[in-house]
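Working notes, beginning with the structure itself.
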Number of protein chains: 2
Amino acid sequence: MLETIEEKCQKNGVKLTDQRRIIARVISESKKTYGESDHPDVDELYNRVSQIDSKISIATVYRTVKLFEEAGILTKHDFKSGKARYELNDDHNHLIDIKTGEIIEFVDQEIEELQKKIADKYGYKLVDHKLELYGIKKK
Amino acid sequence: MLETIEEKCQKNGVKLTDQRRIIARVISESKKTYGESDHPDVDELYNRVSQIDSKISIATVYRTVKLFEEAGILTKHDFKSGKARYELNDDHNHLIDIKTGEIIEFVDQEIEELQKKIADKYGYKLVDHKLELYGIKKK
DNA sequence: AAAATAATGATATTAATTTTCAATTTCCTT
DNA sequence: AAGGAAATTGAAAATTAATATCATTATTTT
Ligand SMILES: [Mn+2]
Ligand SMILES: [Mn+2]
Ligand SMILES: [Zn+2]
Ligand SMILES: [Zn+2]
């Protein structure tokens, strides 16, 4: 982890209240605590946050993930589940097992460059990108 | 256009009622009629369909796009708009202008192959993929 | 043609997210 | 430090895309 959410907030002028700090912590720790491919939805975040401070409302969780997302701190995913799922914005891609729902994260420099090249070709500067691969395990 | 929705339905065992046929037609014509980057949501489809047959209900539009999607005829997009948007499933990608919302469609063989290669590297057979590039126009 | 099956339209329901609003906390200005 | 403005919060209501229900209509099957 290169930069903490707190630092990113400071840099982006996002004020950190007690509630936001706790929510930030839960998100930061979600990978370490719950495994590599953890992409919690708001309900799940609310559950985890509640264990730290049971008075935090789900409205605040919704407000905070939105705030963090708009500040570029979090990435919101709309996988097929219907609920939005969140994680730290660290520029990786996802390979999703359509049988099990397992999510594998990957980074590929070649893809990154190719995407930049394509945007460039159409006269655009690439500022964000989303790549999801759906596959079935080969036996 | 290589294959009509009607043909795809027949091939996939999807029955075409009058209502479905009209909805299929509206979707097929959405590009020609409304320009290159047309990705209508259900409300918009309902509006267009209603001009042809005002008795078709929005429930039927919802049911039909779901049916077509499950048959692999349509692709459902969850862009940032909140509403799902639909178009013919023809395996292209999107470059979205984050200032104007304009959607540019593109196909890139190199990206296609690279994606297959990555899935393969993780032991998966690629069955679907979604790539969205977000950019700002260079001046 | 009669019975069974499927699809439709209208409406109710669900569920995620947003909004409202009064209360509390934080931030300014003096 | 005090007082008032501004921002944030919790609880609850509102919104809204999408789905489910159900009586009616259309299509198949016998
Ligand atoms: Mn990247
Ligand atoms: Mn492809
Ligand atoms: Zn991830
Ligand atoms: Zn498209």
Side-chain angles (χ1 to χ4, degrees), chain A residues 5-6 8-10 12-27 39-71 73-87 101, chain B residues 5-6 8-10 12-27 39-71 73-87 101:
Chain A
I5 292 189
E6 302 213 10
K8 281 185 186 167
C9 284
Q10 205 145 31
N12 290 294
V14 172
K15 256 189 297 188
L16 272 180
T17 62
D18 292 347
Q19 290 92 334
R20 290 178 186 169
R21 205 181 317 275
I22 290 172
I23 295 166
R25 199 181 105 201
V26 166
I27 294 168
H39 302 84
D41 59 34
V42 167
D43 258 315
E44 180 58 27
L45 285 175
Y46 175 61
N47 288 340
R48 296 177 192 175
V49 157
S50 296
Q51 293 184 298
I52 299 170
D53 180 348
S54 64
K55 320 192 85 153
I56 295 176
S57 76
I58 194 162
T60 295
V61 180
Y62 271 107
R63 282 190 280 242
T64 302
V65 292
K66 194 175 190 186
L67 182 75
F68 285 173
E69 197 217 341
E70 283 163 357
I73 294 164
L74 293 188
T75 299
K76 174 184 181 179
H77 294 291
D78 295 296
F79 297 143
K80 62 186 308 187
S81 59
K83 305 186 193 182
R85 302 171 69 171
Y86 293 88
E87 70 176 324
Chain B
I5 292 190
E6 302 215 9
K8 283 185 185 168
C9 283
Q10 205 143 31
N12 291 292
V14 172
K15 253 189 301 189
L16 273 180
T17 63
D18 291 348
Q19 290 90 336
R20 290 176 185 170
R21 205 181 315 275
I22 289 172
I23 294 166
R25 199 181 104 201
V26 166
I27 293 167
H39 301 84
D41 61 32
V42 167
D43 258 316
E44 180 58 28
L45 284 175
Y46 176 60
N47 288 339
R48 296 179 192 173
V49 158
S50 295
Q51 293 184 297
I52 299 170
D53 179 349
S54 64
K55 320 193 85 153
I56 295 176
S57 76
I58 193 160
T60 294
V61 180
Y62 270 109
R63 283 190 281 242
T64 302
V65 292
K66 193 176 189 185
L67 181 77
F68 285 173
E69 196 216 343
E70 283 164 356
I73 295 164
L74 293 189
T75 299
K76 174 184 179 179
H77 295 291
D78 296 296
F79 297 143
K80 62 184 310 187
S81 58
K83 305 187 194 183
R85 302 171 68 170
Y86 294 87
E87 70 177 324

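So that the names make sense, note that chain A is the first sequence line, chain B the second, and so on, each numbered from 1.
Residues A:D43 and A:I58 meet the side-chain proximity criterion, which asks for heavy atoms closer than 4.5 Å.
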Check nucleotides 18-20 of chain C for protein N or O atoms closer than 3.5 Å to its own N or O atoms and list the pairs.
residue : atom : partner : partner atom : Å
C:dT20  : O4   : A:R63   : NH1          : 3.3

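Direction of the helix axis in the helix from C:dA1-D:dT30 to C:dT30-D:dA1 shifts by 30° between the two five-pair termini, rounded to 10°.
Distance check: B:I27 CD1 to B:L74 CG gives 4.5 Å after rounding to the nearest 0.5 Å. Expressed to the nearest 0.5 Å, how far CD1 of B:I22 lies from CD1 of B:I56 amounts to 4.0 Å. Note that CG of A:L16 is 8.0 Å distant from CD of A:Q10, once rounded to the nearest 0.5 Å.
To the nearest angstrom, P of C:dT8 lies 11 Å from CG of B:D53.
The nucleotide range of DNA chain D contacted by chain B, defined by atoms under 4.0 angstrom from heavy atoms of the protein and reported 5' to 3', is D:dA17 to D:dT21.
Closest of all the heavy-atom pairs between A:A24 and A:I5 is O-CD1, 3.3 Å. The two residues B:K8 and B:N12 come nearest to each other via the heavy atoms O-ND2, 2.7 Å.
A side chain to side chain contact (heavy atoms under 4.5 Å, CB included) with A:Y86 holds for exactly one of A:T75, A:D41, A:V42; it is A:V42. Checking each of B:H39, B:R85, B:E87 against B:H77 for a side-chain hydrogen bond (donor to acceptor under 3.5 Å, both in side chains) leaves exactly one that passes, namely B:E87.
Within the structure, every pair that satisfies the salt bridge (Lys or Arg N to Asp or Glu O under 4.0 Å) test and touches residues 16-26 of chain A, not counting sequence neighbours, is listed here: A:E6-A:R21, A:R25-A:E29.
Contact check of residues 14-22 of chain A against DNA chain C (heavy atom, cut-off under 4.0 Å) returns no residues at all.
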With a 3.5 Å cut-off and sequence neighbours excluded, list the donor-acceptor pairs that the side chains of residues 60-71 of chain A form with protein atoms.
residue : atom : partner : partner atom : Å
A:T60   : OG1  : A:S57   : OG           : 3.3
A:T64   : OG1  : A:T60   : O            : 2.7

